[in-house]
2 protein chains.
Amino acid sequence: MTEKTNPSPAAIKTWARLMRVSRQLVERAEDALKDSSLPPLAWHDVLHELAEAGEVGLRPFQLIERTLFAQYNLSRLLARLEADGLVEKLRVADDGRGQTIRITEKGRETRRRMWAVYGRSITELVGARLSNDDLETLSALLGRLRHPAALE
Amino acid sequence: MTEKTNPSPAAIKTWARLMRVSRQLVERAEDALKDSSLPPLAWHDVLHELAEAGEVGLRPFQLIERTLFAQYNLSRLLARLEADGLVEKLRVADDGRGQTIRITEKGRETRRRMWAVYGRSITELVGARLSNDDLETLSALLGRLRHPAALE
DNA sequence: TCTATATAGATGCAACTGCATTGATACCGG
DNA sequence: CCGGTATCAATGCAGTTGCATCTATATAGA
């Protein structure tokens, strides 16, 4: 009756917790940003990657590799960021199809203000709830669920 | 310079993993359902709760408590489920404002077909990647991140 | 009872997402 | 050099989500 692919109770429970907890945490972090009249988490993700990339910027497809945005989604998010003056799009010399995205000073400033709130959320929601050892354990276990399964 | 609310590196890393892994897993599970021409995960969540509730059904606000749907979101999801004949809405005698949602036989059948695929995803993505002990550990750690923080 | 407030659920509208496709350029084999 | 294919990014359209509000009923308090 039960197929061999049926998940074990432990797997189901872990899956359910993972789904529920991650959604709750995202919601909390998003709410905190909204309460401070700041943009959504997705904006921070992009601005963060761009800030790390520095003056040379990143190509959109590189952002897709670093984040989990769908191509069309990122395309439109970048348009919004550009409209807000947080990033600029630069033609790239050696590839006429593409462009390079660079964060502006205003973008850096926005990211800093977001991080002040976002970081506090991370502290409250995660940092304050688990010991350092538990954080390491959790992180390692989650790492084993990544796709493709990578070495840590 | 650094505020006391700044998250520790371990907290940041754990947060990032949690966000990334949970998104990946959802995406994989959704893709598997799509590949089988089945409805999204959200439908399963609702049908599952309703199946457990049995013939007496559930009020929409009870579904909201059990899942993490926003009220307006659930309202429209139920309308879609009703349109597809997977649930039925019943007037409830003692509260003229509300209704009771009951799963139909077609709804149960759809849920079974979804679970065949969904369960396989859970096995592949989680069950097959961690030992039972690790699953228990992960589940317990995630449990400590729930809000409100509950006892296990 | 009558009014004020609270709760259950639906909905108009704007923003966002997913899907499929397009436009444009790059690259590869002959 | 040329045609076919692959890659980068944008977009039309339909479906979904978020926000605010609305309708309807219930409950509490004067």
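Keep in mind that the numbers below use all heavy atoms, side chains included, and drop hydrogens, waters and symmetry copies. This is a predicted model, so every value here is computed, not measured.
Residues that satisfy the side chain to side chain donor-acceptor pair (under 3.5 Å) test with A/Q62, not counting sequence neighbours, are absent from this structure. Scored by the salt bridge (Lys or Arg N to Asp or Glu O under 4.0 Å) test, A/E27 finds no partners at all (sequence neighbours excluded). Annotation: salt bridge (Lys or Arg N to Asp or Glu O under 4.0 Å) contacts of B/R23 (sequence neighbours excluded): A/D45. Among residues two or more places apart in sequence or in another chain, the salt bridge (Lys or Arg N to Asp or Glu O under 4.0 Å) test is passed with B/R102 by B/E55, B/E88. Annotation: salt bridge (Lys or Arg N to Asp or Glu O under 4.0 Å) contacts of B/K34 (sequence neighbours excluded): B/D31.
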Atom pairs, protein N/O to nucleotides 27-29 of chain C N/O, distance under 3.5 Å:
none

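Note on residues 66-85 of chain B: no pairs pass ring pair (Phe, Tyr, Trp, His ring centres under 6.0 Å), not counting sequence neighbours. Identified under the ring pair (Phe, Tyr, Trp, His ring centres under 6.0 Å) test for residues 100-128 of chain A, with sequence neighbours left out: A/H44-A/W115, A/H44-A/Y118, A/W115-A/Y118, A/Y118-B/W15. The ring pair (Phe, Tyr, Trp, His ring centres under 6.0 Å) analysis of residues 94-114 of chain A, with sequence neighbours excluded, yields no pairs.
A heavy-atom distance below 4.0 Å to DNA chain C is reached by none of the residues of residues 26-64 of chain A. The stretch residues 75-88 of chain B touches DNA chain C through B/S75, B/R76, each having a heavy atom within less than 4.0 Å of the strand.
In this structure, A/L68 atom CG and C/dT17 atom C1' are separated by 15 Å, rounded to whole Å. Distance, B/I101 CD1 to C/dG9 C1': 10 Å, rounded to whole Å. For B/R91 and C/dA8, the CZ to P distance is 15 Å, given to the nearest whole Å. One interatomic measurement links the two molecules: CG of B/L74 to C1' of D/dG18, which rounds to 15 Å at whole-angstrom precision.
Residue A/K89 places at least one side-chain N or O under 4.0 Å from the OP1 or OP2 atom of D/dA10. Between D/dA10 and A/Y72, no contact under 4.0 Å exists linking OP1 or OP2 to a side-chain N or O. One finds no side-chain N or O of B/N73 lying less than 4.0 angstrom from the OP1 or OP2 phosphate oxygen of D/dT16.
Residue side chain A/Q99 does not reach the base of D/dA9 through any donor-acceptor N/O pair under 3.5 Å, judged by distance alone. At a cut-off of 3.5 angstrom, the base of C/dA10 holds at least one donor-acceptor pair with the side chain of B/Q71.
Nearest-nucleotide assignment on DNA chain D puts the 5′-proximal partner with A/G98, out of A/G98 and B/A70.
The side-chain heavy atoms of B/V56 and B/T100, taken from C-beta on, include no pair separated by under 4.5 Å.
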Side chains of residues 75-85 of chain B: which donor-acceptor partners sit under 3.5 Å, not counting sequence neighbours?
none

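Side-chain contact annotation: B/R17 with A/S139, donor-acceptor N/O pair under 3.5 Å present.
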